[in-house]
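Below: the structure, in structure tokens.
Bear in mind that the values here come from a model prediction, so they are computed numbers and not experimental data.
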Amino acid sequence: VQLQASGGGLVEAGGSLRISCAASGRTFSSYAMGWFRQASGKEREFVAAVSWSGTTTYYADSMKGRFTISRDNAKNTVYLQMNSLKPEDTAVYYCAANYGSNWFDPGAMDYWGKGTLVTVSS
């Protein structure tokens, strides 16, 4: 599975942005998908994950109520809708695929895409 994130950019605090991750390969629907982010000087952290079917989602506590992860298996794409953005959301956002059951640990992900930079101005 090859992954390519896109849609990052500059947004003002309180604004919204939707980023996407396009996957290649016919087995996309077999993988759980996750979004992670890494701010400058910090470790990569879990943001959100969605099951292979799209029916189950998980969020980091600080993203609950603001971010929504979804997927369209027909388009081999996973999305992250980000609302009420804060300057501390500024980071490079990465999508990743996991064939197992650990969706939260960056070290457990099977495939990674190149990140997309999201910058939130105050």
(message) Just verifying a value: how many Å separate C21 SG and Y93 OH, rounded to the nearest 0.5 Å?
(response) 14.5 Å

(message) I need the C95 SG to Q4 CD distance, nearest 0.5 Å.
(response) 8.0 Å

(message) With a 3.5 Å distance limit and no angle check, can you tell me whether T77 reaches the backbone of K75 through a side-chain donor-acceptor pair?
(response) yes

(request) Taking only Lys NZ, Arg NE, NH1 and NH2, and the carboxylate oxygens of Asp or Glu, determine whether K86 and D89 approach each other closer than 4.0 Å. (result) no

(request) Mind checking salt bridge (Lys or Arg N to Asp or Glu O under 4.0 Å) for K42 and listing every partner two or more places apart, or none if nothing turns up? (result) none

(request) Compare every heavy atom of R71 with every heavy atom of Y31, then report the nearest pair and how far apart it is. (result) O-NH1, 2.7 Å

(request) Give a yes or no answer on whether the side chain of Y59 reaches the backbone of I69 with a donor-acceptor pair at less than 3.5 Å. (result) yes

(message) Any side-chain to backbone donor/acceptor pair from N98 onto G34? Under 3.5 Å, distance only.
(response) no

(request) Hey, can you tell me if W103 and Y58 have their rings parallel, tilted or perpendicular (30° and 60° cut-offs)? (result) perpendicular

(request) Could you tell me the separation between the OG1 atom of T57 and the NZ atom of K64, rounded to the nearest 0.5 Å? (result) 10.0 Å

(message) Treating N102 as the side-chain partner and F104 as the backbone partner, does any N or O pair qualify as donor plus acceptor under 3.5 Å?
(response) yes

(request) Report yes or no: does D110 contribute a side-chain atom to a donor-acceptor pair with the main-chain N or O of Y99 at less than 3.5 Å? (result) yes

(message) Starting from I19, can I reach V50 by hopping between I/L/V/M/F/W/Y residues whose side chains sit under 4.5 Å apart?
(response) yes

(message) Nearest 0.5 angstrom please: W35 CH2 to M63 CE, how far?
(response) 12.5 Å

(request) Could you tell me which residues satisfy salt bridge (Lys or Arg N to Asp or Glu O under 4.0 Å) with R44, sequence neighbours excluded, listed by chain and number? (result) none

(message) Holding to salt bridge (Lys or Arg N to Asp or Glu O under 4.0 Å), I want the full list of residues that pass it with E45, two or more places apart in sequence or in another chain.
(response) R37

(message) Just checking W112: does its CH2 atom have more than 12 heavy atoms from other residues, nucleotides or ligands closer to it than 6.0 angstrom?
(response) yes

